[in-house]
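Down below is the structure, laid out as structure tokens.
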Amino acid sequence: MVELVRDTYRYRELIWALALKELRVRYKRSLLGFFWALLNPALLMIVLTLVFGTIMRFSIDHYAVFLLSVLLPWTFFSQALAYSVDSVVGNGALLKKVYVAKLVFPVAAIVSNIVNFLLSLIPLALLIVLLRFPLHWTWVYLPVPMLGLFLFTQGAAFFFATANVFYRDVSHIVQILLSAWFYFSPIIYSLDFIPEKYRWLFHLNPLLYVLNGFRLSIYYGKLPSLNSCALSLGCGIVALFIGFSIFRRYQNRFIYYI
Amino acid sequence: MKEAAVRIKFEDVVQRFRIIQERPDTLREAFAKFRRRTSYHDFQALKHVSFRVSEGEMVGIIGRNGSGKSTILKIIAGVYIPTSGGVAVNGSIAPLIELGAGFHHELTGRENILLNGLLLGLSKREILSRESQIIEFAELGDFIDVPVKQYSSGMYMRLAFAIATEVNPDILLIDEILAVGDGEFRRKCFERIEHFRTLGKTILFVSHDLTSIRQFCDRVLLLHGGELIEDGLPDFVISRYEALSAQRVDSLRTQAW
């Protein structure tokens with residue numbers, strides 16, 4: 001872990017340049033360029049608001065905000081993971097020719113998605129204002145679930161990027177895993193809809209506490225319990241520790257498999 | 001007289017690659033292979049190679065394809081970790097192992113200078129302060145702001161060479177890449193290499209261009225089938241190499257008869 005922090009700091013300029021590169025390449029050759037990072041979530045939000053605000057009416061007030069408050073962090077998680085799973089294999093040509101600390105690739109993949117995610121909060125705030133939904137003061141709590149989410153995603157990224165070096169199926173499995181995980185998480189629904197006797201199962205989801213934190217502070221304007229707060233950070237730290245340990249253990253063998 | 005410091009030390013280095021006939025790259029193959037026996041053999045790319053290179057030396061490495069030349073450079077660069085034996089490298093390294101490794105096609109030359117420089121271990125500030133010299137040396141002119149996917153291989157190589165040498169490493173590793181430059185640029189590259197030597201830098205130079213090797217190197221290593229079979233003055237080692245190649249041609253000829 002010390003190594004992770006030290007190397008991330010040491011290669012911070014490289015990581016940042018790689019992350020910017022990913023973003024630049026993603027939006028290259030499109031007329032609106034970087035603006036898409038804002039426009040994409042904004043358009044999604046408009047669609048969702050129209051669908052759930054006028055066409056399908058749910059018993060949940062302001063369903064669009066209810067949904068978006070956790071859909072955006074989820075989108076970050078799934079995109080970042082789908083992206084980082086190939087981060088080592090995708091840079092294979094480079095790793096075969098120059099010595100580079102291998103951790104820069106999964107870290108850069110996450111950093112570039114973090115930038116995207118933070119940008120997507122801007123249209124969310126705008127939408128909330130436009131819908132005359134209150135912009136709760138509890139937004140100030142957001143850095144806590146965000147940190148938990150980023151740490152957890154980074155840990156998962158290390159794990160899956162490592163696995164993908166040895167078995168390329170992993171990138172496909174991740175896709176399936178993500179869609180199953182999506183329905184297993186209280187994103188389109190609330191945990192209250194789940195019968196009491198099955199609820200423990202949903203509590204096994206390590207992302208639950210983070211998502212809960214987002215929804216509570218954006219939609220309900222409440223703070224989560226101290227317990228939930230600690231769990232959201234705890235899950236992130238544990239995931240990062242496990243993911244990075246595995247990555248570190250196998251990284252010297254990557255070169256023979258890419 | 002002060003003894004020149006040793007920059008690179010190889011001691012009894014063995015590099016073995018496990019060549020698996022069909023490596024299970026996917027899980028299905030892994031399960032299928034579980035029952036059958038995986039067929040593989042070990043390939044020794046380097047067999048007990050020992051040598052030293054001192055500060056200020058320019059050492060050529062020659063040998064046929066697959067004799068282990070590039071493997072040596074990659075071990076020095078830290079890409080491979082040898083199977084056994086000791087390797088000590090003392091100083092910063094700039095590898096010019098393959099054209100434009102680390103270049104991203106969608107990015108412009110200028111953006112690639114930054115990315116490549118960072119990959120080589122420079123800080124952003126250091127790179128920006130050298131940017132204009134790099135662009136000037138690479139003779140790219142207005143092309144510097146064009147995505148590198150539109151570059152010719154000569155332009156690629158010029159930019160790569162300019163970056164690697166502006167990084168000002170203690171050790172420069174060059175693998176065959178000078179071959180794509182035109183005569184004029186090659187002359188400029190060798191001028192710069194000469195200048196590097198006067199600064200006491202160490203250069204390892206892999207090439208099939210025996211004329212350049214003879215002209216510039218102080219010493220030449222000859223590899224054959226992963227073994228270091230000769231280490232000495234250029235004229236002597238090159239003649240051994242030529243004799244070896246002639247022998248092989250002869251044996252091929254007799255086979256053909």
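Only a predicted model underlies this, so the values are computations on that prediction, with no experimental measurement involved. Throughout, protein chains are lettered first and strands after them, A, B, ... in sequence-line order, and every chain is numbered starting at 1. Atom set for the values below is all heavy atoms of this structure, side chains included, hydrogens, waters and symmetry mates excluded.
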- [ ] Let me know if B:Leu73 has heavy atoms under 4.5 Å from chain A in its side chain, its backbone, both or neither.
- [x] neither

Task: Gap separating the CG atom of B:Leu120 from the CG atom of A:Leu14, nearest 0.5 angstrom - done: 10.0 Å

Task: Which portion of B:Lys124 sits near chain A, non-hydrogen atoms under 4.5 angstrom - done: both

- [ ] State whether the number of non-hydrogen atoms from other residues, nucleotides or ligands found under 6.0 Å of B:Glu136 atom CD is greater than 12.
- [x] no

Open item on the list: Tell me whether B:Phe143 at atom CZ has more than 12 heavy atoms from other residues, nucleotides or ligands lying less than 6.0 Å away.
Closed with: no

- [ ] For atom CZ of A:Phe241, decide whether the heavy atoms of other residues, nucleotides or ligands shown that lie under 6.0 angstrom number more than 12.
- [x] no

Task: Residues from residues 57-69 of chain B approaching chain A under 4.5 Å (heavy atoms) - done: none

Open item on the list: Which atoms of A:Ile173 are under 4.5 Å from chain B, going by heavy atoms: the side chain, the backbone, both sets, or neither?
Closed with: side chain

Task: Atom pair CG/NZ of B:Leu173 and A:Lys97 - distance to nearest 0.5 Å - done: 15.0 Å

Task: From B:Ile75 atom CD1 to A:Tyr99 atom OH, the distance as rounded to the nearest 0.5 Å - done: 15.0 Å

Open item on the list: Using a 6.0 Å cut-off, check whether atom CZ of A:Phe105 has over 12 heavy atoms from anything other than its own residue.
Closed with: yes

Task: Residues, nucleotides or ligands: over 12 heavy atoms within 6.0 Å of B:Phe51 CZ - done: yes

Open item on the list: For the CZ atom on B:Arg192, are there more than 12 heavy atoms of other groups (residues, nucleotides or ligands in this structure) within a distance under 6.0 Å?
Closed with: yes

Task: Toward chain A, the part of B:Ser123 with a non-hydrogen atom under 4.5 Å - done: both

Open item on the list: For A:Arg6, I'd like to know if atom CZ has over 12 heavy atoms of other residues, nucleotides or ligands within 6.0 Å.
Closed with: yes

Open item on the list: So if I take each residue of residues 76-87 of chain B and look for any heavy atom under 4.5 Å from a heavy atom in chain A, which residues do I end up with?
Closed with: B:Ala77, B:Gly78, B:Val79, B:Tyr80, B:Ile81

Task: Greater than 12 external heavy atoms within 6.0 Å of A:Trp181's CH2 - done: yes

Task: Minimum-distance pair of heavy atoms, taken over all atoms of B:Leu122 and A:Glu13 - done: O-OE1, 4.4 Å

TODO: Please say which of B:Glu111, B:His104, B:Glu106 ends up in a side chain to side chain contact (heavy atoms under 4.5 Å, CB included) with A:Arg24.
DONE: B:Glu111

